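All of these numbers come straight from a predicted model, not from anything done at the bench.
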Amino acid sequence: MKKILTSFLVAFSLVAITGLDSSLNTNTSTLQGKQTSTSIIAKAEATEITQGVTAPDFTFTDLATGKVMNLSDLRDKPVYLNFWATWCPPCVRELPHIQTKYEQYKDKIHFLAISLDGDQAAPAAFIPSKGYTFPVGYGNEREISRAYNVEAIPLSYIIDTNGVIKAKTMGSMDEADLERFLQNAL
């Protein structure tokens, strides 16, 4: 009787373990499939925005004029595109250098600083209070950030007259760094 009971328990354990193992494999496969499809979607949404890629177009409001524009409206000369925010100390440190280079190159390069502040009131008040005259825009910050995969600011691009990205740099630039970066547009 003891042998029969032991055999039954061993057989039951094997069936239970095998069933559990196949159940785990099925659940693991399903989970891996979901993770894979999620990764594919994330990668598709996170296309690398770098040299040689067409710059994603977006709509913004010019804070000085109130005019609604598209990035693609600026195709008559290269574009220096900068993403920044008033709450970002490295961004704010970079702005005087952008102003200096804007005054120097505004006839050869479009300058566009897109604020990623939570609302347009902050940059709309900040820019004139500092005496900056370079163009500052505000748009749907989530859509723009997603389109450009903005993970940190300041982030700058040079876009050629065909709308193709020629250069990208992340981080604050001093005047010499900005001069070297702008050479990609000239």
K.L.:
Hey, what do you get for CD1 (Ile98) to CG (Leu178), rounding to the nearest 0.5 Å?
P.N.:
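Going from the CD1 atom of Ile98 to the CG atom of Leu178 covers 6.5 Å.
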K.L.:
What distance do Ile114 atom CD1 and Leu155 atom CG have between them, rounded to the nearest 0.5 Å?
P.N.:
12.0 Å
K.L.:
Can any side-chain N or O of Asp174 pair as donor or acceptor with the backbone N or O of Ala176 at less than 3.5 Å?
P.N.:
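Checking the backbone N and O of Ala176 against the side chain of Asp174, a donor-acceptor pair under 3.5 Å is found.
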K.L.:
Taking the side chain as every heavy atom from C-beta outward, state whether Tyr102 and Pro135 have any pair of such atoms under 4.5 Å apart.
P.N.:
yes
K.L.:
Picking from Ile159, Ile109, Ile158, what satisfies side chain to side chain contact (heavy atoms under 4.5 Å, CB included) with Val79?
P.N.:
Ile159
K.L.:
Do Val68 and Thr59 come within less than 4.5 Å of each other through their side chains, counting heavy atoms only?
P.N.:
yes
K.L.:
Against Tyr80, only a single residue in Phe134, Phe111, Tyr157 fulfils ring-ring contact (aromatic ring centres under 6.0 Å, His included); can you say which?
P.N.:
Phe111
K.L.:
Kindly give the heavy-atom pair with the smallest separation between Leu71 and Ala55, and that separation in Å.
P.N.:
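Result for this residue pair: CD2-CB, 4.3 Å.
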K.L.:
Sequence neighbours left out, what passes side-chain hydrogen bond (donor to acceptor under 3.5 Å, both in side chains) with Asp57? Give chain and number order.
P.N.:
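Scan of Asp57 (side-chain hydrogen bond (donor to acceptor under 3.5 Å, both in side chains), adjacent residues dropped) gives Ser72.
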K.L.:
With ring centroids as reference points, do Phe60 and Tyr138 lie under 6.0 angstrom apart?
P.N.:
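Ring-ring flag for Phe60/Tyr138: false, centres at least 6.0 Å apart.
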K.L.:
Are Lys108 and Lys77 packed together at the side-chain level, in the sense that at least one heavy-atom pair is separated by less than 4.5 angstrom?
P.N.:
no
K.L.:
Can you measure from CD (Gln104) to NZ (Lys101) and round to the nearest 0.5 angstrom?
P.N.:
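It is 4.0 Å, given to the nearest 0.5 Å.
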K.L.:
Run the side-chain hydrogen bond (donor to acceptor under 3.5 Å, both in side chains) test against Asp76 and tell me which residues pass, sequence neighbours left out.
P.N.:
His110
K.L.:
Side-chain contact, heavy-atom cut-off 4.5 Å: Ser172 with Cys91?
P.N.:
no
K.L.:
For the hydrophobic clusters of this structure (ILVMFWY residues joined by side-chain heavy atoms under 4.5 Å, transitively), does one cluster hold both Tyr105 and Val136?
P.N.:
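Yes, it is one cluster - the side chains of Tyr105 and Val136 are joined through contacts under 4.5 Å.
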K.L.:
Inspect the surroundings of CD in Gln183 and state if more than 12 heavy atoms from other residues, nucleotides or ligands are less than 6.0 Å away.
P.N.:
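Yes, CD of Gln183 has more than 12 neighbouring heavy atoms, counting only those of other groups under 6.0 Å.
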K.L.:
When rounded to the nearest 0.5 angstrom, what distance separates CD1 in Ile165 from CG in Asp160?
P.N.:
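Reported value, rounded in 0.5 Å steps: 9.5 Å.
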K.L.:
Same cluster for Ile49 and Ile144 if Ile/Leu/Val/Met/Phe/Trp/Tyr side chains link at under 4.5 Å?
P.N.:
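The answer is yes; both residues are in one hydrophobic cluster.
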K.L.:
Would you compute the distance between atom OG of Ser156 and atom CG of Leu81 and round it to the nearest 0.5 angstrom?
P.N.:
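The distance works out to 7.5 Å.
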K.L.:
Answer yes or no: is there a donor N or O on one side and an acceptor on the other, between the side chain of Asp117 and the main chain of Asp119, under 3.5 Å?
P.N.:
no
K.L.:
If you look at every heavy atom in Thr100 and Glu175, which pair is closest and at what distance?
P.N.:
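Heavy atoms of Thr100 and Glu175 come nearest at CG2-OE2, 3.3 Å.
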K.L.:
Do Val164 and Gln51 come close enough that some side-chain heavy atom pair is under 4.5 Å?
P.N.:
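The answer is no, as the side chains (C-beta and beyond) never meet within the 4.5 Å cut-off.
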K.L.:
With sequence neighbours left out, write down each residue that passes side-chain contact (heavy atoms from CB on, under 4.5 Å) with Thr50, or none if nothing qualifies.
P.N.:
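side-chain contact (heavy atoms from CB on, under 4.5 Å) list for Thr50, sorted by chain: Glu48, Val53.
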K.L.:
Indicate the atoms forming the closest heavy-atom contact of Phe181 with Ala167, along with that distance.
P.N.:
CE1-CB, 3.6 Å
K.L.:
Kindly say whether Lys166 contributes a backbone atom to a donor-acceptor pair with the side chain of Asn184 at under 3.5 angstrom?
P.N.:
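Absent.
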K.L.:
Using only atom types and a distance under 3.5 Å, with no angle test, would you say the side chain of Gln99 pairs donor to acceptor with the backbone of Thr133?
P.N.:
yes
K.L.:
Can you see whether Thr61 engages Gln120 through a side-chain donor-acceptor pair at a distance of less than 3.5 angstrom?
P.N.:
no
K.L.:
Can any side-chain N or O of Asp62 pair as donor or acceptor with the backbone N or O of Gly66 at less than 3.5 Å?
P.N.:
no
K.L.:
Would you say the side chain of Trp84 lies within less than 4.5 Å of the side chain of Pro123, judging by non-hydrogen atoms?
P.N.:
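In contact.
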K.L.:
Measure the CG-CZ distance between Leu182 and Arg180 for me, rounded to the nearest 0.5 Å.
P.N.:
11.0 Å
K.L.:
Between Trp87 and Ile153, is there a side-chain heavy-atom distance shorter than 4.5 Å?
P.N.:
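Sidechains of Trp87 and Ile153: in contact.
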K.L.:
Given 3.5 Å as the limit, does a donor-acceptor pair link the side chain of Glu94 with the main chain of Met173, or not?
P.N.:
yes
K.L.:
Could you tell me whether the side chain of Asn140 reaches within less than 4.5 Å of the side chain of Phe58, counting heavy atoms only?
P.N.:
no
